[in-house]
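Have a look at the structure below before the remarks.
Given the structure is predicted, the values throughout are model-derived calculations rather than measurements.
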Amino acid sequence: MIPVQPERFLKDLHDLRQFGAAGVGKGVVRPAYSEADIAARQWLAGRMQAAGLQPQFDPVGNLFGIAGETSLLMGSHSDSQPEGGWLDGALGVVAGLEVARAAQEAGGPPVSVVSFQDEEGRWGVTTGSTVWRGKLSLDEADRLEDHGGLSFAEARARMADLAGDWVPADRFTGFVEAHIEQGPWLEKTGEKVGVVEAIVGIRDMRITFAGQQNHAGTTPMHLRRDAFQGLAEFNRRINARFAEIVTPATVWTIGHVALTPSASSIVPGKAVFSMQWRDGAAERLEKMEKIIRDTAAEVAAERDLGLDFGTMLGLDPVQMDDGLQAALAAAAEEVCPGKWRRMPSGALHDASNVSNLMPVAMLFVPSIGGISHDFAEDTAEDDLVAGLKVLAGAVARLQ
């Protein structure tokens with residue numbers, strides 16, 4: 001086993017939390033390209049260099065710590081949700097850093113580390129790794145805007161003085177990502193780690209209904225072109241229509257709504273909203289897309305609303321590599337015998353993108369209360385250390 005140092009790992013994890021620390025408990029506010037995010041990446045670059053790795057930022061702000069000519073790649077992301085927790089993404093980066101550092105100290109094997117940019121999707125879905133894998137061109141990414149209208153090009157310009165060349169994917173033999181589960185199952189069963197078998201697919205796009213802004217007191221109901229009422233009717237219909245094709249594991253969310261002009265006494269003239277859906281079958285994702293587009297068009301026609309579909313972003317379901325899974329499973333049985341499981345991931349991760357370039361695998365540790373994307377997100381430190389030791393054991397088996 002690679003001789004990792006749990007205390008050093010936990011200190012780095014807590015130190016990283018100080019960048020953007022907010023709210024109660026261990027909350028973090030570190031959205032992609034924010035001051036806190038950029039400062040955290042610069043700090044990580046320094047820790048990588050101190051560990052004997054070569055830090056390199058690419059044109060979109062993905063940060064690599066490179067070991068040797070060819071190596072295994074480990075990591076995740078270090079940006080957070082607008083109100084996030086201290087472990088989502090950060091765990092995978094810091095755990096990868098500790099394994100890479102311990103491997104350097106032990107004389108090998110070489111392990112590189114990455115913190116991908118904008119995994120949380122401020123500009124869509126796993127933006128940094130999507131561009132790195134080549135699914136989204138840099139020109140296309142630069143035209144994306146966040147919910148406040150800031151373009152990706154404007155945001156990444158904040159890191160222009162750090163940006164270097166692209167890191168070739170062919171210098172890595174595989175990718176292993178550690179992450180909190182972000183769900184309740186490991187905690188409920190008292191298990192220490194989960195070896196991920198597959199990651200669900202995701203689709204995400206913005207939809208706009210355009211009506212007529214008008215006076216809320218003098219405009220008769222039957223003459224209104226109310227954009228919000230269009231959204232409300234759309235939501236009602238897709239819930240009913242999805243029920244005919246989905247499984248209990250399928251999820252869909254309207255998570256962001258912007259009304260114009262968003263005033264109490266004005267009939268909304270525009271409703272812009274996010275539509276996201278996830279499932280383990282690509283065919284079902286396609287069927288859901290057709291229902292979404294057909295239903296939106298139907299509602300717009302009935303209510304005399306303009307309709308616009310934004311760029312659809314997403315990733316297909318991904319199976320984890322058998323060999324990497326086997327190494328993680330063997331290490332899990334050694335570290336926590338009988339207290340681990342194989343399981344799917346209902347959340348999206350950078351590993352989905354990287355799977356198009358190399359073999360990938362993922363390891364989960366429990367989330368207290370199943371809570372994530374919230375200031376209350378947390379994991380017991382002994383579970384964090386167990387996950388670290390499983391990662392180290394797996395890497396040793398891959399030599």
Side-chain angles (χ1 to χ4, degrees), residues 2 4 6 8-10 12-17 19 26 28 30 32 37 40-41 43-44 47-48 51 53 62-65 71-81 84-103 111-121 126 128-129 132 172 174-183 186 193-196 199 318 320 324-325 327-328 331-332 343 345 347-355 358 360-367 372-373 377-379 381 383-395:
I2 295 170
V4 291
R8 182 172 62 182
F9 156 68
L10 291 171
D12 276 349
L13 202 50
H14 283 287
D15 287 350
L16 178 55
R17 180 173 63 88
F19 294 91
K26 298 174 182 175
V28 168
R30 199 164 58 223
D37 171 59
R41 290 175 185 277
W43 176 82
L44 281 166
R47 297 302 287 158
M48 290 173 178
L53 306 173
N62 296 322
L63 169 62
F64 291 82
S71 64
L72 181 72
L73 181 64
M74 303 181 75
S76 189
H77 64 98
S78 53
D79 62 303
S80 82
Q81 286 286 332
W86 71 301
L87 295 171
D88 180 357
L91 169 62
V93 176
V94 177
L97 172 61
E98 177 56 31
V99 173
R101 179 168 46 202
V111 176
S112 297
V113 187
V114 64
S115 174
F116 287 112
Q117 181 58 288
D118 193 31
E119 190 273 354
E120 296 294 3
T126 60
S129 59
W132 184 63
F172 305 119
F175 178 62
V176 179
E177 180 173 5
H179 211 280
I180 54 172
E181 180 194 350
Q182 302 181 288
L186 291 174
V193 297
V195 176
V196 176
I199 303 174
V318 171
M320 302 292 96
L324 294 177
Q325 275 193 72
L328 287 170
M343 63 189 301
S345 172
L348 188 67
H349 302 283
D350 288 307
S352 295
N353 276 317
V354 183
S355 69
M358 66 192 74
V360 301
M362 289 196 69
L363 182 80
F364 282 168
V365 297
S367 294
S372 183
H373 288 184
E377 172 187 288
D378 207 359
T379 296
E381 290 195 349
D383 289 335
L384 296 174
V385 171
L388 174 69
K389 291 180 177 178
V390 172
L391 289 173
V395 172

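To the nearest 0.5 Å, atom CG of residue Asn62 and atom CG of residue Asp350 are 8.0 Å apart. Considering OG1 of Thr379 and CD of Glu181, their distance stands at 9.5 Å, rounded to 0.5 Å. We find the CG-CD distance between Leu63 and Gln117 to be 10.0 Å, quoted to the nearest 0.5 Å. Here the CD atom belonging to Glu120 is positioned 4.0 Å from the NE2 atom belonging to His373, to the nearest 0.5 angstrom. The line from OG of Ser355 to NE2 of His349 is 12.5 Å long, rounded to the nearest 0.5 Å. Put simply, CG on Leu44 and CZ on Phe19 are 8.0 Å apart, with the number rounded to the nearest 0.5 Å.
Minimum heavy-atom separation, Asp378 to Trp86: OD1-NE1, 3.1 Å. Heavy atoms only, all atoms of each residue included: Leu53 and Val111 are closest at CD2-O, 3.6 Å. Scanning all heavy atoms of the two residues, the minimum distance from Val28 to Gly85 falls at CB-O, 3.9 Å. Nearest approach of Gly194 to Leu186, heavy atoms of both residues: N-CD1, 3.8 Å. Considering all non-hydrogen atoms of both residues, Leu16 and Ala40 come closest at CD1-CB, 3.8 Å. Nearest heavy-atom pair, Leu388 versus Pro6, reported as atom, atom and distance to 0.1 Å: CD2-CA, 4.3 Å.
Not counting sequence neighbours, the partners of Ser372 by the side-chain hydrogen bond (donor to acceptor under 3.5 Å, both in side chains) test are Gln182, Glu377. Judged as a side-chain hydrogen bond (donor to acceptor under 3.5 Å, both in side chains), and not counting sequence neighbours, Ser367 has no contacts.
Remark: the Asp88 side chain and the His77 side chain contain an N/O donor-acceptor pair separated by less than 3.5 Å.
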>> One pair to check against side-chain contact (heavy atoms from CB on, under 4.5 Å): Val4 and Val385. What are the steps and the verdict?
In response: CA-CA 10 Å; Val4 291; Val385 171; over 6 Å; no
>> Under the criterion side-chain contact (heavy atoms from CB on, under 4.5 Å), I'd like the reasoning laid out for Met362 against Val318: C-alpha separation, chi angles, the key distance, then a yes or no.
In response: CA-CA 11 Å; Met362 289 196 69; Val318 171; over 6 Å; no
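Counting heavy atoms from C-beta on, the side chains of Trp132 and Val354 come closer than 4.5 Å. A 4.5 Å side-chain heavy-atom check between Arg30 and Asp79 finds every atom pair outside the cut-off. Counting only heavy atoms from C-beta outward, the side chains of Ile199 and Met320 approach each other to under 4.5 Å. Within the 4.5 Å cutoff, side-chain heavy atoms of Met74 are placed close to those of Val395. Looking at Phe172 and Val114, their side chains never come closer than 4.5 Å, going by heavy atoms from C-beta outward. When side chains are defined from C-beta on, Val176 does not count as touching Leu363, because their heavy atoms never get closer than 4.5 Å. Contact of the Phe116 side chain with the Asn353 side chain is not registered, since no non-hydrogen atoms from C-beta on lie closer than 4.5 Å. Ser345 has its side chain within reach of Phe364: a pair of non-hydrogen atoms, C-beta onward, lies under 4.5 Å apart.
Between Asp37 and Arg41 there is a salt bridge, since at least one side-chain N of the basic residue sits less than 4.0 Å from a carboxylate O of the acidic one.
Judged by distance alone, with hydrogens and angles left aside, the side-chain atoms of Ser115 form a donor-acceptor pair with the main-chain N or O of Ser78 at under 3.5 Å.
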